[in-house]
2 protein chains.
Amino acid sequence: MWNALERADGFLSAQEVFDAVRGTGERVGLATVYRRLQALVDGGDVDVLRGEDGEALYRACRTSEHHHHLICRNCGASVEIKSTAIERWAAESARKHGFTDVTHTAELYGRCRRCS
Amino acid sequence: MWNALERADGFLSAQEVFDAVRGTGERVGLATVYRRLQALVDGGDVDVLRGEDGEALYRACRTSEHHHHLICRNCGASVEIKSTAIERWAAESARKHGFTDVTHTAELYGRCRRCS
DNA sequence: GCGATACCGACAATCATTCTCATTAAGCGG
DNA sequence: CCGCTTAATGAGAATGATTGTCGGTATCGC
């Protein structure tokens, strides 16, 4: 399961992970895939985000630091992006409106060079 | 339907809109709620975003311009935010990695003044 | 080896969302 | 007002992702 995520260089849905694992001949249940993915997410080893249709997408990330993603909406390939601009903007906006304890999500969706 | 969205000053799920409309005595089907909400979204009159569990949440927005939200994770109240910094960051990042046709999502979650 | 325990796979259940289709409402020329 | 065409609607079935259930199995300390 971990291998499947590492090998893919983009986000995979739970179904895709399931198919990939099955493809290696390993006999595994779909429920287990969800359980293990959730465990990986809880452990901080995998990033999860919601596609535009609300489906959960998983990815093994190279860094455990806070970062964002640039995702190809065609092939799923993704690039990790760090940005101080976003962090600054988030903190600034929160302060201006009296909000505390603020977190944020930010993802970019487009077509990668190959899929253009 | 529009009234229900306007009256709430936070995001509502499709089910909540459905309940609100039914509460007024209006006889309407759930499928119609989804259809009309989608139409409103397409027309730019309503914003939609995905909650952390993937559920679609709708809100009547005051401006039809592109903007983001600062949302209280306790009471659901939200503030609309415009930011040129984000737009610049998105365009810049996309260009740098050869992505085209890029859109983005960015939301801030925190506790509003009253809920702090 | 033995019992306690955690994990697992198969499948049923749930929940949001979409699809289907017969029905109804609305526009319109006569 | 009438009949006809067309778009929108409601009810409920269908779909698809995700989660729960439960009997079975591998594991570990003793």
Side-chain angles (χ1 to χ4, degrees), chain A residues 1-6 8 10-61 69 71-78 105 107 109, chain B residues 1-8 10-61 69 71 73 76 78 103 105 107 109:
Chain A
M1 158 124 34
W2 177 254
N3 288 343
L5 281 168
E6 258 193 331
F11 283 84
L12 296 180
S13 67
Q15 279 291 340
E16 289 169 330
V17 173
F18 175 71
D19 292 343
V21 174
R22 276 292 174 96
T24 69
E26 193 178 336
R27 205 172 89 278
V28 73
L30 185 53
T32 302
V33 169
Y34 276 100
R35 278 188 289 243
R36 303 232 293 252
L37 282 174
Q38 191 53 53
L40 289 170
V41 170
D42 290 344
D45 299 312
V46 164
D47 261 17
V48 60
L49 62 83
R50 297 276 165 180
E52 298 184 337
D53 60 352
E55 189 181 22
L57 300 172
Y58 302 86
R59 162 167 186 177
C61 281
H69 296 100
I71 304 152
C72 176
R73 71 167 67 85
N74 185 237
C75 72
S78 74
T105 66
E107 312 296 340
Y109 299 90
Chain B
M1 160 124 30
W2 178 255
N3 288 343
L5 282 169
E6 257 193 332
R7 205 169 306 123
F11 284 84
L12 296 180
S13 69
Q15 279 289 342
E16 288 169 330
V17 173
F18 176 70
D19 292 343
V21 173
R22 276 291 174 98
T24 69
E26 192 178 335
R27 204 173 90 277
V28 74
L30 186 52
T32 302
V33 169
Y34 276 99
R35 278 188 290 243
R36 303 234 293 252
L37 282 174
Q38 191 53 54
L40 289 170
V41 170
D42 291 344
D45 299 312
V46 164
D47 261 18
V48 60
L49 62 83
R50 298 275 166 183
E52 297 190 348
D53 59 351
E55 191 182 22
L57 299 173
Y58 302 86
R59 163 167 185 178
C61 282
H69 296 99
I71 304 155
R73 70 167 70 84
S78 73
T103 60
T105 66
E107 311 297 339
Y109 299 91

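Lettering of chains follows the sequences in order, A, B, ..., and the numbering in each one begins at 1. The basis for the numbers below is simple: all heavy atoms, side chains too, and nothing from hydrogens, waters or symmetry mates.
Within residues 41-57 of chain B, no residue has a heavy atom under 4.0 Å from DNA chain D.
Listed here is the closest heavy atom pair of B:Ala14 and B:Val33: O-CG1, 3.9 Å. Between A:Val28 and A:Arg22, the shortest heavy-atom contact is O-NH2, 2.8 Å.
Here the P atom of nucleotide D:dG12 and the CZ atom of B:Arg27 are 12 Å apart, to the nearest Å. In this structure, OH of A:Tyr34 is placed 4 Å from P of D:dT18, rounded to the nearest angstrom.
Side chains of B:Arg50 and B:Thr105: a donor-acceptor N/O pair is absent below 3.5 angstrom, by distance only.
When DNA chain C is scanned in the 5' to 3' direction for atoms under 4.0 Å from non-hydrogen atoms of chain A, the outermost contacting nucleotides are C:dC8 to C:dC11.
The shortest distance between side-chain heavy atoms of A:Arg36 and A:Val17 does not fall below 4.5 Å.
A:Leu37 CG to A:Ser13 OG: the interatomic distance, rounded to the nearest 0.5 Å, is 9.5 Å. A:Cys72 SG to A:Phe11 CZ: the interatomic distance, rounded to the nearest 0.5 Å, is 12.5 Å. Interatomic distance, B:Arg35 CZ to B:Leu30 CG, rounded to the nearest 0.5 Å: 10.0 Å.
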Exercise. Show the numbers, then the answer: is there a side chain to side chain contact (heavy atoms under 4.5 Å, CB included) between A:Tyr34 and A:Gln38?
Key: CA-CA 6 Å; A:Tyr34 276 100; A:Gln38 191 53 53; over 6 Å; no
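Closest approach to the A:Arg35 side chain among D:dG12, D:dT21, D:dA17 is made by D:dT21 (side chain taken as heavy atoms from C-beta onward).
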